[in-house]
Amino acid sequence: MKSAQTPLHKVQGLGAAHSGTGHFWRERVTAVALIPLSLWFAFVMLGLVDTNEVIMVQFLAHPWNALLMAAFAVTSLYHMSLGLQVVIDDYVHTAGMKIVLLFLVRCVVIATIATCVFALIRIASV
Amino acid sequence: MADNPQISGHVRPLSPHLTIWRWQVTMLSSIMHRATGMALSAGAIVLAWWLVSISNGPEGYDSFMIYAAMPLGLVVLFGFTWSFAFHFCNGIRHLFWDLGYGFDKHVATRTGLLVFALSFLIAIGVFAFVWTGHAGYLR
């Protein structure tokens, strides 16, 4: 059977969603990365329960811990951005509202990443 | 041409229609994966708030702990803990599906039940671990 796809469409390989498999793949890669990072995060949160601010600063000021916490925050927030995009794609059907919400989600995600990283730098430099 | 069902008064079931389908474990776990994902998005904001409060010194941290130690704060924390456990376990279930394993109807139902059981066990276990004084080992 002759394909209904134009040669350009075939070459681009992006399919009906116009974005290819990029979103799907990034969601899986961040998910896999979040398995060890989440286990580390849970270990740390339980370990810091019932301590105080001084111990938390001491712990988070350590380069490895700061790096892992930053990696956890950035990867989580990126994964969150991808996930919320799917929710918006599924339930919001007007193009205008969709663009506004996707823009807002990205703004919140970028601002939260910046906030987390800045806080960690501030903790490490006290 | 077919009449528009909305205009002619025949409201037909559209997919997905939660009020019409019989509830399934796989359906509930799928819905909960999305719901916990959205809850954890709020959790990410709280994570940023927590880090900022620590960077603001002892007074800043206390201002966070006032909210975290409230009964409502603990309920929210339990919600985040369970959501985290569920999304983690069910995410691994999703990754196995991506690799082509566990698609059989009965296997998917069983792993769904397993994820629910495991996530509640983890969440309750975490709170029991803390309340029996085993946490805080990074002191």
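A quick note: this is a predicted structure, and the numbers were derived from the prediction, not measured. Residue numbering restarts at 1 for every chain, and letters A, B, ... go by the order of the sequence lines.
When side chains are defined from C-beta on, B:Met32 counts as touching B:Trp82, because their heavy atoms get closer than 4.5 Å. Between B:Asn90 and B:Arg93, the closest side-chain pair of non-hydrogen atoms falls below 4.5 Å. Looking at heavy atoms from C-beta onward, B:Ile92 lies in side-chain contact with B:Phe88 at the 4.5 angstrom threshold. Side-chain atoms of A:Leu101 and A:Leu84, non-hydrogen and from C-beta on, never get closer than 4.5 Å to each other. For the pair A:Ile55/B:Leu138, no side-chain contact is recorded, criterion being any heavy-atom separation below 4.5 Å from C-beta on. You'll find the side chain of A:Thr51 stays beyond 4.5 Å of the side chain of A:Phe59, heavy atoms only. Considering only heavy atoms from C-beta on, B:Phe127 comes within 4.5 Å of B:Leu77 through its side chain. A heavy-atom distance below 4.5 Å is found between the side chains of A:Leu34 and A:Ser76.
Of the atoms belonging to B:Phe84, it is side-chain heavy atoms, and not backbone ones, that fall under 4.5 Å from chain A. Heavy-atom distances place both the backbone and the side chain of B:Arg139 under 4.5 Å from chain A. Proximity to chain A (any heavy atom under 4.5 Å) is shown, for B:Asn56, by both the backbone and the side chain. Residue A:Ile113 does not touch chain B at all, counting heavy-atom pairs closer than 4.5 Å. Within the 4.5 angstrom heavy-atom criterion, no atom of A:Val105 approaches chain B. With a 4.5 angstrom heavy-atom cutoff, B:Leu95 touches chain A only via side-chain atoms. Interface residue A:Ser38: backbone and side-chain heavy atoms are both found under 4.5 Å from chain B. Both the backbone and the side chain of A:Phe43 come within less than 4.5 Å of a heavy atom in chain B. Proximity to chain B (any heavy atom under 4.5 Å) is shown, for A:Asn65, by neither the backbone nor the side chain. Both the backbone and the side chain of A:Ile35 come within less than 4.5 Å of a heavy atom of chain B. Only the side chain of A:Leu120 comes within less than 4.5 Å of a heavy atom in chain B; its backbone stays farther off. Using a 4.5 Å cut-off between heavy atoms, B:Trp49 makes no contact with chain A at all.
Note on B:Phe64 and A:Val49: same hydrophobic cluster, where clusters join Ile, Leu, Val, Met, Phe, Trp and Tyr whose side-chain heavy atoms are under 4.5 Å apart, directly or indirectly.
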Legend entry - Intermediate values then yes/no, ring pair (Phe, Tyr, Trp, His ring centres under 6.0 Å), B:Phe116 and B:Phe86: CA-CA 7 Å; B:Phe116 272 107; B:Phe86 183 89; 5.0 Å; yes
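Taking B:Leu40, B:Val52, B:Ile54 one by one and counting their heavy-atom pairs under 4.5 Å with chain A, the maximum is reached by B:Ile54. Ranked by heavy-atom pairs shorter than 4.5 Å toward chain A, the options B:Val130, B:Val126, B:Asp98 are led by B:Asp98. Note on A:Val87, A:Val108, A:Thr115, A:Ile121: by heavy-atom pairs under 4.5 Å with chain B, the leading option is A:Val87. Contact count against chain B (heavy-atom pairs under 4.5 Å) is highest for A:Asp90 among A:Asn52, A:Asp90, A:Val54, A:Val117.
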